[in-house]
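See structure below.
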Amino acid sequence: MGVGIVEPTATHVPGTVRLFDDDNENNNNEEGGHPQRKTRALKHGTGKYSHVVLVPQPSDSPNDPLNWPKWKRNLTLLVVCLAGAVAGVIGPAIAPITGILVKEFETTYTEVAIWSGWQFWSAGIAGLLSSVVGRIWGKRPVYLISIALVFAGAIWNSRTTTAGGFRAARLVQGFGLGAFESIIPSTVGDLFYVHERGKRIAFYNLAFLGCTYFMPILGGYISMKHSWRTQFIIISCFMGPILVLAFFLLPEHAYNRPQIFDTDTGSRENLDRLEEHIAGKEEEEEEVEEKKGRTADVEPVVAEKKKTWIQELKIYNGRFSDENIFKCLLAPFVLMLYPATIWSFFFQGTFITWGIGVSIILAQLFAGPPTNFGPEQLGYMYSAPFLGAVLSYLTATYLSDNLAQWMARRNHNIYEPEFRILLVIPTTIFAIPGLFAFGYSSAPEHYIHWIIPSICYGLLTFAVVMSCTATFSYILDAHRDVSLEMMIALLMMKNFWAWGSTYFLNDWVVAHGPEKMFYIIGAIQTVICASSVAMYVYGKVVRDYYARNNWLKMAGLYPKTVVDVSGH
């Protein structure tokens, strides 16, 4: 417990990995529950990461995404994040035009908020379906279909003239949005090693969440100069080319890697088998070279051929699993009971909901007296939230991986996923004061300049991006074998809670005012942040319990993977 984490009795817990070589590589003893073993035989990073053991280990296949050139892996993630960014802005596009929609469709603020809520609902359902399709048939078709749905929904929104049509368009957009809220973190796990994931998760959060806070600034201006429909036309003009870009530059990256290479999810015995496998490959290569030197008549070694770019354009790449579809649909519901999912929902999901809540009630608070803001002025109030998201991205990019590596050094070169939870500290420092201050500064009776609640909103968005980076990184590292299903469980819990909140947030602020409302919210978040200490201290004990008592396996819902040592 040298770094504050309680050690279970097991000698190896999935998720706990050796990130650096031992100072004494001949030390094979076990001390403090950590396996001290030789790691020189395992593959390492390059350049300044040459001392870092690659986790997971790349397989022998040239088609393993971990063996792709780094530029290709980064480009794949960039295309996905670009699509996610444009898809993400379609939700908050109505934030600065809420008052206009209320008048044009002759409805209420609560009803317009519910339209956004139905988008959360459909996104939650789509996320569940996306996980199943991604697990069985791969992620490439999921992304392409999702982009097409957002594209169609944006066009529909720009053309509709009825409240029913507007609601239906939002529903379609939600079905397209679900994949970008759920499976991108698992894409990061497919493409990158543990020491590379933190900054990529932070970049995804900036792209997806940061742009959602930039859109109202632009959307409010566009709506005043042209019309509210124009912003949806612009979104569709971006989404169409992105669909073409994704078709040509987004290869399938779902891959069934032999289990012995998954050193983060496997057992200690897996490491022994992997070392034997590596030793066998080296002996085989030496034997082939020796034969080549003696005779020209040597039978060639049959190796898996690398796919060409044209082959990678296939939308359907066969089945990656013979999993039963209905079992895949049920797995996330079991994972809702896992402490990692519950903690992630309370820590991330509530921050996101309050961020959405502010956007829902902002027009209600500032469109009337004494400020009388129109769409353009309401859009400007998102300037500080956008800067807060950018600042959070920069902070998370620097802290997430560097802090994890620094903690691993202090922990005898052993990495624990709980190190990701330490991002709770900057989240709490910025978010809690921001919530209380927003409630006070946005109350009409205090009449404080609008820039103050905007800055407080920025402190909240800092927490939104940071909390997503912490929770996504933790889930990916602690439960990578079921990270896709766990992300879906988190998405459904978060989105259905956000959907439900649209039914009461507007009425809550009317009944009690923003000051009392956000004082209550601030108190709730204080308790949630404080509870993260328990997750950090006992997280490894929890992982050990579920490794020995896997509820998914007990229920026959554990995802099937290729386990053949030979990789065939």
Side-chain angles (χ1 to χ4, degrees), residues 65 72-93 118-160 168-188 190-191 200 203-212 214-215 218-219 231-254 309 312-317 484 487-488 491 495:
K72 183 176 179 179
R73 292 186 284 142
N74 283 329
L75 180 61
T76 301
L77 181 63
L78 179 63
V79 172
V80 171
C81 288
L82 181 62
V86 180
V89 303
I90 207 165
W118 280 103
Q119 183 177 329
F120 301 140
W121 178 87
S122 59
I125 297 298
L128 177 60
L129 298 175
S130 296
S131 72
V132 175
V133 175
R135 174 71 72 181
I136 298 176
W137 291 288
K139 297 185 175 73
R140 176 172 162 81
V142 173
Y143 283 128
L144 293 177
I145 293 172
S146 298
I147 294 171
L149 286 172
V150 174
F151 177 56
I155 294 177
W156 191 349
N157 246 152
S158 70
R159 305 294 296 175
T160 187
R170 301 294 281 179
L171 203 66
V172 171
Q173 293 160 16
F175 280 118
L177 188 62
F180 300 105
E181 285 195 83
S182 58
I183 67 174
I184 292 183
S186 68
T187 286
V188 174
D190 292 336
L191 296 171
R200 268 83 181 184
F203 177 73
Y204 154 64
N205 287 325
L206 174 68
F208 186 74
L209 296 171
C211 289
T212 64
F214 178 73
M215 182 61 198
L218 189 61
Q231 57 181 324
F232 290 103
I233 294 174
I234 293 174
I235 291 172
S236 65
C237 288
F238 275 97
M239 214 59 184
I242 287 175
L243 179 59
V244 177
L245 194 68
F247 179 81
F248 289 106
L249 297 179
L250 180 56
E252 181 57 69
H253 45 275
W309 177 65
E312 288 181 338
L313 294 182
K314 290 173 58 179
I315 297 178
Y316 177 70
N317 292 273
L484 178 58
M487 297 288 184
I488 300 305
L491 169 67
N495 277 28

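Put simply, the side chain of V89 does not reach to within 4.5 Å of the side chain of F214, judged on heavy atoms. V150 places none of its side-chain heavy atoms less than 4.5 Å from the side chain of S146. Within the 4.5 Å cutoff, no side-chain heavy atoms of R200 are placed close to those of R73. With a 4.5 Å cut-off on side-chain heavy atoms, F203 and L78 count as touching.
Pairing each heavy atom of A154 with each of I235, the nearest pair is CB-CG2, 4.1 Å. Minimum heavy-atom separation, L191 to P65: CD2-CB, 3.9 Å. A179 and V142 get closest at one heavy-atom pair: CB-CG1, 3.7 Å. I90 and F232 get closest at one heavy-atom pair: CG1-CE2, 4.0 Å.
Between the side chains of T187 and Y204, no donor N or O sits under 3.5 Å from an acceptor N or O.
A donor-acceptor pair under 3.5 Å is formed between the side chain of N495 and the backbone N or O of F120. In this structure, E181 contributes its side chain and A123 its backbone to no donor-acceptor pair below 3.5 Å. When atom types are taken as modelled, the side chain of W309 and the backbone of F248 share a donor-acceptor pair closer than 3.5 angstrom. Panel note: side chain S130, backbone A126; a donor-acceptor pair is recorded below 3.5 Å. For S158 (side chain) and I155 (main-chain N/O), a donor-acceptor pair under 3.5 Å exists by modelled atom type. S186 places no side-chain N or O within 3.5 Å of a backbone atom of L484 that could act as its donor or acceptor partner. Checking side-chain atoms of E252 against main-chain N and O of K139 turns up a donor-acceptor pair under 3.5 Å.
Between the CD1 atom of I242 and the SG atom of C237 there is a distance of 11.5 Å, given to the nearest 0.5 Å. Put simply, CD1 on I183 and OH on Y143 are 4.0 Å apart, with the number rounded to the nearest 0.5 Å. In this structure, CE on M239 lies 15.0 Å from CD1 on I234, to the nearest 0.5 angstrom. In this structure, the separation between NE2 on H253 and CG on D190 is 5.0 Å, given to the nearest 0.5 Å. In this structure, R170 CZ and N157 CG are separated by 6.0 Å, a value rounded to the nearest 0.5 Å. The OG1 atom of T212 lies 10.0 Å from the CG atom of L206; values are rounded to the nearest 0.5 Å.
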Q | Test log, rule side-chain contact (heavy atoms from CB on, under 4.5 Å), inputs L82 and F238 | A | CA-CA 10 Å; L82 181 62; F238 275 97; over 6 Å; no
Q) Checking side-chain contact (heavy atoms from CB on, under 4.5 Å) for the pair L250/T76: CA distance, chi angles, key distance, verdict? A) CA-CA 5 Å; L250 180 56; T76 301; 3.5 Å; yes
Q) Do F208 and I184 pass the side-chain contact (heavy atoms from CB on, under 4.5 Å) test, and can you show the C-alpha distance, the side-chain angles, and the key distance before you say yes or no? A) CA-CA 10 Å; F208 186 74; I184 292 183; 5.8 Å; no
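A cation-pi arrangement is present between R140 and F247 under the rule of less than 6.0 angstrom and at most 45 degrees off the ring axis.
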